[in-house]
Amino acid sequence: MNERALPNVLQGTKNAVFTSQKEWEQERESLLSLLSREEYGFLPPDPQRLSFRLLEKQEDYCASKAVFEKWEATVGMGEKEFSFPFFAVVPTGVKKPMAFLHINFRNNVPDFYMPTEEIVDGGFAVFSFGYEDVTKDNGDFSDGLAALFPRASGEKDLPGKISLWAWAAMRVMDHIVSREDIDTKNVAVIGHSRLGKTALWAGANDPRFAFVISNDSGCSGAAVTRGKQGEKIRDITTVFPFWFCDNYRKYQDREEELPFDQHFLLALIAPRKLYVCSAKEDLWADPASELLSCREASIVYELYGLKGLICPEEAPIADAVFPEGTIGYHIRKGTHYLSRYDWQRFMEFLRKHRN
Ligand code: GTR
């Protein structure tokens with residue numbers, strides 16, 4: 001099973017292997033700190049001030065099947081303030097719908113990665129924001145939200161951009177949990193690719209997300225790193241060093257020295273629901289390594305008496321769907337993309353596993 005010499009998540013940062021839920025929960029914080037320190041950088045503290053303002057409301061959205069709202073979140077730290085927009089589409093015909101919080105590449109509603117009408121027809125609300133409205137996808141840490149958190153040079157565990165986008169998702173969640181029209185016990189944070197990594201990291205840090213969905217998140221997302229095909233730590237930290245903290249770079253070509261692997265990230269979501277989607281031809285992300293990660297994280301779910309991934313097939317064929325366990329998985333045919341087909345599978349998973 002463990003041909004890739006993956007570290008045992010049940011060993012955590014200790015030498016002993018945990019056998020109970022209690023021991024795991026005692027260790028969980030240390031593991032979260034480990035990933036913060038070595039990979040993504042520590043999330044900034046909660047904001048000192050936080051407010052939400054409704055900017056726009058459209059009652060007849062999608063032939064009156066839904067209400068569209070545009071909001072502005074304002075966060076304050078010391079003297080500084082920053083605002084970013086986010087969006088809500090809430091079906092009118094459903095009492096307390098479950099909801100997605102989609103960390104999106106763009107701030108379009110709908111968007112080709114976010115088929116709003118189908119989501120509403122499925123009975124779900126969808127909240128979203130465009131990630132670059134929070135802080136740009138580049139190495140400029142004076143831009144947007146990043147400017148709120150001063151950075152001492154030389155610190156190697158400062159939040160990378162993934163941590164900042166995840167932090168912003170948690171602020172939108174602050175808004176969602178304040179709403180009486182949403183089933184706040186059933187909110188799924190979801191993202192694709194770099195934003196799939198972000199959704200997983202937000203889910204690991206914030207237990208209010210009852211569901212966490214990663215679409216084609218690959219390297220430094222759902223896929224285990226040891227023995228991975230396609231993108232490696234050297235590639236990702238050369239092209240996108242600013243997504244991570246500086247410490248992560250020391251593992252270039254030294255994957256085997258990482259004191260964890262990406263299945264630890266998935267395990268931090270236990271016992272909540274997790275869904276991972278791969279695409280058959282997305283070899284840069286490496287579907288096999290994403291699936292293996294789900295299998296390896298499952299042992300933590302088992303400590304809770306839950307089944308993690310239920311997938312009897314070694315290498316599932318394209319369009320195979322495995323929604324039964326607390327970790328769901330499907331592999332779509334085709335290339336790197338977030339499709340309507342994927343959204344339909346996510347909606348089925350939420351309906352099946354609603355809290
Ligand atoms: C790629 C990157 C991947 C993935 C992707 C994306 O260039 O190497 O890790 O995140 O971008 O976000 O579209």
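Ligands are counted one by one from 1 in listed order, and the atoms in each one are counted from 1 as well.
- When the shell of 6.0 Å around CD of E257 is examined, it contains more than 12 heavy atoms from other residues, nucleotides or ligands.
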Could you check ligand 1 for N or O atoms lying under 3.5 Å from protein N or O atoms and list the pairs with distances?
| residue | atom | partner | partner atom | Å |
| --- | --- | --- | --- | --- |
| ligand 1 | 8 (O) | E231 | OE1 | 3.1 |
| ligand 1 | 8 (O) | E231 | OE2 | 2.3 |
| ligand 1 | 8 (O) | W284 | NE1 | 3.1 |
| ligand 1 | 9 (O) | K197 | NZ | 2.8 |
| ligand 1 | 9 (O) | E231 | OE1 | 2.6 |
| ligand 1 | 9 (O) | E231 | OE2 | 3.4 |
| ligand 1 | 10 (O) | S193 | OG | 3.2 |
| ligand 1 | 10 (O) | R194 | N | 3.2 |
| ligand 1 | 10 (O) | K197 | NZ | 3.3 |
| ligand 1 | 11 (O) | R194 | NH2 | 3.0 |
| ligand 1 | 12 (O) | S193 | OG | 2.7 |
| ligand 1 | 12 (O) | R194 | N | 2.9 |
| ligand 1 | 12 (O) | R194 | NE | 2.5 |
| ligand 1 | 12 (O) | R194 | NH2 | 3.3 |
| ligand 1 | 13 (O) | S193 | OG | 2.8 |
| ligand 1 | 13 (O) | R194 | NH2 | 3.4 |

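- Remark: F242 engages no residue in a ring-ring contact (aromatic ring centres under 6.0 Å, His included) (not counting sequence neighbours).
- The distance from atom OG1 of T335 to atom CG of D282, rounded to the nearest 0.5 Å, is 7.5 Å.
- Screening residues 251-270 for ring-ring contact (aromatic ring centres under 6.0 Å, His included), with sequence neighbours left out, gives no hits.
- Pairs engaging residues 145-158 under the side-chain hydrogen bond (donor to acceptor under 3.5 Å, both in side chains) rule: none recorded [sequence neighbours left out].
- A salt bridge links K250 with E38: the distance from a Lys NZ or Arg NE/NH1/NH2 to an Asp or Glu carboxylate oxygen falls below 4.0 Å.
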